[in-house]
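Order of listing sets the numbers, starting from 1, for every ligand and every atom in it.
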Amino acid sequence: MIARTSLSWQSDGWQQELAAGFRRPHELLAALEIAPERIETSIDCDSPFSMRVPRAYARRMRRGDPADPLLRQVLPVAAEQRAAPGFSADPVGDHAARRGAGVLHKYRGRALLITTGACAIHCRYCFRRHFPYAEEHTADNEWEDAVAVIAGDGSLREVILSGGDPLALTTARLARLVHKLETVPHLSRLRLHTRLPIVLPSRIENGLLDLLARGRLKPVMVVHANHPNEIDGEVVAALARLADAGVALFNQSVLLRGVNDDAAVLTALSEALFTAGVTPYYLHLLDRVQGAAHFEVDIDTAHALHRQLREGLPGYLVPQLVREVEGEPFKRPV
Ligand SMILES: *Cc1c(COP(=O)(O)O)cnc(C)c1O
Ligand code: SF4
């Protein structure tokens, strides 16, 4: 018999877990023993950006707490339908940066490749919630086109696999892409932007670790955690396996009202990340995407929080507070 703990490291264990995630708000609330009427705004069961929550993530939510910071990140609410001035469908100018075949080129030396529209979790504040993923065809032959775009630009040193979530692809598909990228001589780094090590740590299975450890390109991973409660023992173990495979680990967070707009929470997050071998990298101001206005933290509060982090943490644990501005040559520090 296979021990229960080793099961989650099997290559298809994570896909079963993904399929078993919560898809209906009332089912998640029932599991958390929260009566729906205790949620302060009404729940939206028919959002076109449907609810999606892995059970591994839901297990870290506090039972009976309608204000839980993890629950708030994933529960679809009616407030998402309110139009807010200044909030648009494409707040960061991704359309303008498209080079075709899912390649976005905004910053020197780095190109970002949209590998898939799929995510294991649907974060309600996601700036790509309206992105027309269907147009970014992700069949393997299309990666030929994406790799050709990257191979044709000798100024590139790094490819960032993004999405959606690149680790929502199977390891076999990811390997086919990575092996193609390895043939491009001017590339030296492979970066993955992924929330899967946090929300579905069983995704960090041996096949993926081999792919990252044995490749020609230096692997870098930027994970995405917003609250220290997201980092439990399973996540710490997954991150340790990545570090052992030689992956450089960083974290980006989004500053979110009612989730992490609190200096003590952000301090605890930086400390938990560092203990898990991850360096805090960016703290993003919310991208002003339609449907996310209720998560916005005003700029003065953001500055004050960042200052408190500076006062309370060693400099290397203070993430850069940034905002993405369309047309700028880098993410703008604020
Ligand atoms: C954020 C981003 C990058 C990476 O920027 P860094 O400052 O290197 O983290 C690259 N390309 C695009 C399109 C991005 O949005
Ligand atoms: S994991 Fe990232 S891309 Fe996916 S829904 Fe969340 S914020 Fe968006």
Numbered in order shown, the ligand 2 atoms found under 4.0 Å of a heavy atom of C126 are 3 (S), 5 (S), 7 (S), 8 (Fe)

How far is atom 9 (O) of ligand 1 from its nearest protein heavy atom, and which residue and atom is that? Y281 OH, 2.7 Å

Identify, by atom number and element, the atoms of ligand 1 in contact range of E324, meaning under 4.0 Å from any of its heavy atoms. 15 (O)

Could a heavy atom of H224 be found less than 4.0 Å from some atom of ligand 2? yes

Q252 heavy atom under 4.0 Å from ligand 1: no

Under 4.0 Å from ligand 1, counting heavy atoms only, is it the side chain of H105, its backbone, both or neither? neither

Counting only heavy atoms not in R62, do more than 12 fall under 6.0 Å of its CZ? yes

What do we get for H193 next to ligand 1 when only non-hydrogen atoms under 4.0 Å count, side chain, backbone, both or neither? neither

Among all protein heavy atoms in this structure, tell me which lies nearest to atom 1 (C) of ligand 1, with the distance rounded to 0.1 Å. K331 NZ, 1.7 Å

How close does the nearest protein non-hydrogen atom get to atom 7 (O) of ligand 1, and which residue and atom is it? Y282 OH, 2.6 Å

Tell me whether the rings of Y316 and F274 are parallel (<30°), tilted (30 to 60°) or perpendicular (>60°). tilted

Identify the protein heavy atom lying closest to atom 12 (C) of ligand 1, giving its residue, its atom name and the separation to 0.1 Å. L112 CD1, 3.6 Å

Under 4.0 Å to a heavy atom of G164 - the qualifying atoms of ligand 2, by number: 3 (S)

What's the shortest distance from atom 4 (C) of ligand 1 to any protein heavy atom, and which residue and atom give it? I160 CD1, 3.6 Å

Under 2.8 Å from atom 4 (Fe) of ligand 2, can any N, O or S atom of C119 be found? yes

Tell me yes or no: between the side chains of S155 and R110, is some donor less than 3.5 Å from an acceptor? no

If the contact criterion is a heavy-atom separation under 4.0 Å, does G163 count as touching ligand 2? no

Quick one: which ligand 1 atoms are inside 4.0 Å of a heavy atom on R191? 4 (C), 6 (P), 8 (O), 9 (O)

Of all the atoms in ligand 2, which lie at a distance below 4.0 Å from a heavy atom belonging to R195? 1 (S)

Residues in side-chain contact (heavy atoms from CB on, under 4.5 Å) with Q252, at least two apart? H193, V222, Y282, H284

Are V265 and V223 connected, step by step, through hydrophobic side chains (Ile, Leu, Val, Met, Phe, Trp, Tyr) whose heavy atoms are closer than 4.5 Å? no

Considering the options R189, R108, K218, which one meets the salt bridge (Lys or Arg N to Asp or Glu O under 4.0 Å) requirement together with E158? R189

The protein heavy atom nearest to atom 3 (C) of ligand 1 is Y107 CD1, 3.4 Å

Donor on one side chain, acceptor on other, R124 and S47, under 3.5 Å: yes

List the steps, then state whether side-chain hydrogen bond (donor to acceptor under 3.5 Å, both in side chains) holds for T116 with R173. CA-CA 11 Å; T116 171; R173 281 198 73 199; over 6 Å; no

Testing the 3.5 Å rule here: is there a donor-acceptor pair between the side chains of S253 and N251? yes

Under 3.5 Å side-chain donor-acceptor pair for Y57 and D232: no

For the residue pair E80 / Q290, report whether a side-chain donor-acceptor contact shorter than 3.5 Å exists. no

